[in-house]
Each structure stands twice: as structure tokens, then as C-alpha cells.
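Start at 1 and go down the list; that is how both ligands and their atoms are numbered. Residue indices begin at 1 and follow the sequence shown. Computed over heavy atoms, backbone and side chain alike; hydrogens, waters and symmetry mates excluded.
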Amino acid sequence: MITMNDIIREGHPTLRKVADEVSFPLSEEDRELGIKMSEFLKNSQDPELAEKYQLRGGVGLAAPQLNISKRITAIEIPNMEEEGGEPFLSTVMYNPKVLSHSVQQAAIEEGEGCLSVDRHVPGLVVRNAKITISYMDQDGEKHKLRLKDYPAIVIQHELDHLNGIMFYDHINPENPNYAADDVLLIQ
Ligand SMILES: Cc1nc(NNC(=O)[C@H](CC2CCCC2)CN(O)CO)c(F)c(N2CCN3CCOC[C@@H]3C2)n1
Ligand code: NI
């Protein structure tokens with residue numbers, strides 16, 4: 001199983017690389033990797049397992065964070081309304097790409113963190129409020145997804161990892177908590 005020891009930290013060059021597309025049909029290795037990335041996220045959201053294996057909570061994970069420079073990301077966004085309900089989005093995306101995005105921007109009010117960053121970096125990470133993405137699933141099926149608010153932010157954070165971008169690259173160095181009036185702040 002994947003643990004925190006498998007996650008590379010800022011300063012590791014792989015986090016600054018543009019990751020390679022994966023080819024289809026998927027190799028057994030790439031299929032297995034996706035499954036293990038999802039399993040990590042699910043474990044990290046289980047209080048007992050997170051405690052037992054000292055996992056930091058995660059809703060997304062990108063292959064470059066495992067020192068694997070491939071365009072693969074696992075997403076595990078729980079249902080915000082009901083505890084224990086079906087997750088809002090639970091999937092592994094291969095070769096995800098942004099097809100279009102809103103002019104409207106948004107940011108998580110309390111800022112962002114990253115499993116590859118062992119420090120708190122305060123500041124607003126301003127991103128697109130809405131995005132339309134396409135991706136391949138493990139069976140080679142193509143999907144198109146329109147996302148907004150919190151899920152859109154999560155996906156953009158992961159897509160950044162596939163392009164060697166860290167969340168703090170988006171923080172205004174002069175005034176980290178600055179965001180134009182029209183930037184949606186997400187709780
Ligand atoms: C927002 C949030 N970020 C958590 N961590 N950071 C991450 O996921 C990083 C990616 C996120 C950082 C901001 C946007 C994407 C990982 N990244 O570095 C991958 O590139 C959380 F853990 C978390 N939640 C809420 C849901 N909760 C359900 C029950 O279990 C605990 C869990 C905690 N919400
Ligand atoms: Ni991250």
C-alpha cells in the first residue's frame with residue numbers, strides 16, 4: 001500500500017517536470033498504480049487507517065508525487081452533505097485535460113496544502129471557478145466532466161502537478177491574501 005514514505009516532497013525535481021501521457025490500452029502497471037492511488041486516498045480519509053499508517057488526509061493525488069512522471073491522478077472527493085454517503089467524485093483520471101474554463105475565478109478561503117509540502121503556506125490560491133475536462137478511465141473510456149467550486153479547485157490542483165506547478169506558485173507574493181473582489185471564496 002502507498003504510505004507517506006512513497007510521496008516525494010518539494011525540492012524533488014520530478015515535482016517540477018511536465019509528466020508524460022500514458023498510452024492505451026493501459027499497461028498492467030499503470031492500471032495497478034491508479035488502483036493503489038485511490039486506495040491511498042480512501043485510507044487517508046479513514047480515521048483509524050489514517051492514524052494507524054500516519055497518513056495525511058487527501059482528496060487528490062497525482063502520480064508525479066510518487067516520483068512517477070505520468071499524467072495520472074486519483075480523485076476521492078467525499079459527499080459534502082451526508083456523512084458516509086456515496087462520494088461526490090471517486091475516480092482515476094488518465095491523461096486529463098482542461099477543455100474550457102470560466103472567466104470567473106475562485107479560491108478556497110483557508111488556502112491550500114499539499115501532501116508534497118511539509119509546511120503551511122498561507123495565502124489564496126486563485127483558480128478558475130468552473131472547468132470542463134476530459135479524461136480516460138482505466139478501461140480506455142473517454143469522459144467529459146463539468147466541475148465548479150470545490151471539486152473544480154481540487155482537479156486544478158492535481159492537473160498542476162502533471163505540469164510541474166505547485167499550489168504556492170499561484171499565491172501573490174506581495175499580498176498573499178489578496179484576491180480581486182470578483183474572486184469567489186469557497187468555504
Ligand atoms: C481540500 C482538502 N485537502 C485535503 N488534503 N490535501 C489534499 O488532498 C491535497 C490536494 C487538495 C489541496 C487543495 C485542493 C486539493 C493533496 N495533494 O497534495 C494532491 O496533489 C484534505 F484532506 C481535505 N479533506 C476534506 C475531506 N475529508 C474527508 C474525511 O477525511 C479527511 C478529508 C480532509 N480537504
Ligand atoms: Ni498537491
Side-chain angles (χ1 to χ4, degrees), residues 2-12 14-19 33-34 36-93 96 98 105-131 133 135 147-171 176 179 183-187:
I2 292 174
T3 66
M4 295 308 294
N5 298 336
D6 301 302
I7 295 176
I8 60 174
R9 309 300 155 92
E10 60 179 327
H12 192 300
T14 303
L15 288 173
R16 288 303 189 182
K17 281 187 196 157
V18 174
L33 176 61
K36 286 170 71 176
M37 288 167 71
S38 285
E39 181 203 37
F40 169 84
L41 294 175
K42 291 182 181 108
N43 293 344
S44 82
Q45 294 183 19
D46 176 314
E48 275 170 42
L49 294 174
E51 170 63 29
K52 181 174 177 187
Y53 296 107
Q54 291 298 294
L55 307 178
R56 275 183 58 189
V59 292
L61 186 68
Q65 293 181 277
L66 302 171
N67 198 18
I68 299 171
S69 198
K70 291 183 179 178
R71 304 186 81 79
I72 306 170
T73 181
I75 305 293
E76 198 68 33
I77 299 175
N79 187 308
M80 294 304 160
E81 277 73 51
E82 44 172 316
E83 274 295 304
E86 279 301 292
F88 173 85
L89 183 60
S90 170
T91 189
V92 181
M93 298 182 176
V98 178
Q105 296 183 301
I108 295 180
E109 195 155 19
E110 72 256 17
E112 296 187 12
C114 183
L115 296 175
S116 296
V117 178
D118 294 330
R119 60 193 170 104
H120 175 60
V121 184
L124 292 175
V125 180
V126 179
R127 299 183 184 278
N128 299 312
K130 297 177 184 172
I131 54 170
I133 62 165
Y135 67 90
L147 297 164
K148 66 182 169 76
D149 301 334
Y150 180 77
I153 300 287
V154 172
I155 297 293
Q156 290 174 81
H157 177 112
E158 303 315 326
L159 292 179
D160 271 356
H161 277 304
L162 306 184
N163 295 320
I165 298 165
M166 301 294 281
F167 73 92
Y168 45 70
D169 298 344
H170 299 286
I171 295 176
V183 173
L184 269 178
L185 294 182
I186 297 168
Q187 264 68 25

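- Polar contact check, S116 against ligand 1: no nitrogen or oxygen pair lies under 3.5 Å apart.
- Less than 4.0 angstrom separates some heavy atom of Q65 from each of these atoms of ligand 1: 17 (N), 18 (O), 19 (C), 20 (O).
- For atom 31 (C) of ligand 1, the nearest non-hydrogen atom of the protein is Q45 CG, 4.2 Å.
- Distance CG/L162 to NZ/K17: 13.5 Å, rounded to 0.5 Å.
- Closer than 4.0 Å to atom 28 (C) of ligand 1 lies at least one heavy atom of the protein.
- Within ligand 1, counting atoms from 1 as listed, the ones closer than 4.0 Å to a heavy atom of E158 are 10 (C), 17 (N), 19 (C), 20 (O).
- Rounded to the nearest 10 degrees, the angle SG (C114) to the Ni ion (ligand 2) to NE2 (H157) equals 120°.
- Nearest to atom 4 (C) of ligand 1 among the protein's heavy atoms is G57 O, 3.9 Å.
- Geometrically, ligand 1 and H157 share a nitrogen or oxygen pair separated by less than 3.5 Å.
- Of the protein's non-hydrogen atoms, G113 O, 4.1 Å is the one closest to atom 9 (C) of ligand 1.
- In terms of protein heavy atoms, atom 16 (C) of ligand 1 is closest to G60 O, 3.4 Å.
- Remark: among candidates E110, E112, K42, the nearest residue to atom 13 (C) of ligand 1 is E112, based on non-hydrogen atoms.
- Closest to atom 24 (N) of ligand 1, if we only count protein heavy atoms, is V59 CG1, 3.9 Å.
- Without hydrogens or angle criteria, R56 side chain to C114 main chain gives a donor-acceptor distance under 3.5 Å.
- Under the 3.5 Å distance criterion, the side-chain polar atoms of S44 are left unmatched by any main-chain donor or acceptor of A50.
- Across all non-hydrogen atoms, the minimal contact from P64 to I8 is O-CD1, 3.2 Å.
- Between the side chain of N128 and the backbone N or O of I131 there is no donor-acceptor pair closer than 3.5 Å.
- Contact between L61 and I7 at its shortest, heavy atoms only, is CD1-CD1, 4.2 Å.
- The environment of E86 atom CD is sparse: at most 12 non-hydrogen atoms of other residues, nucleotides or ligands sit within 6.0 angstrom.
- The residue from L66, L115, T3 that alone fulfils the side-chain contact (heavy atoms from CB on, under 4.5 Å) condition with F40 is L115.
- The protein heavy-atom contact nearest to atom 25 (C) of ligand 1 is Y150 OH, 3.8 Å.
- Taking all atoms of both residues into account, the shortest heavy-atom contact from A179 to V126 is CB-CG2, 4.4 Å.
- In this structure a side-chain-to-backbone donor-acceptor pair under 3.5 Å is present from R16 to G164.
- Where the criterion is an N or O separation shorter than 3.5 Å, residue side chain and backbone included, P78 fails it with respect to ligand 1.
- Atoms of ligand 1 found under 4.0 Å from any heavy atom of C114 (numbered from 1 in listed order, with element): 18 (O).
- Annotation: L115 places an N or O atom under 3.5 Å from an N or O atom of ligand 1; distance criterion only.
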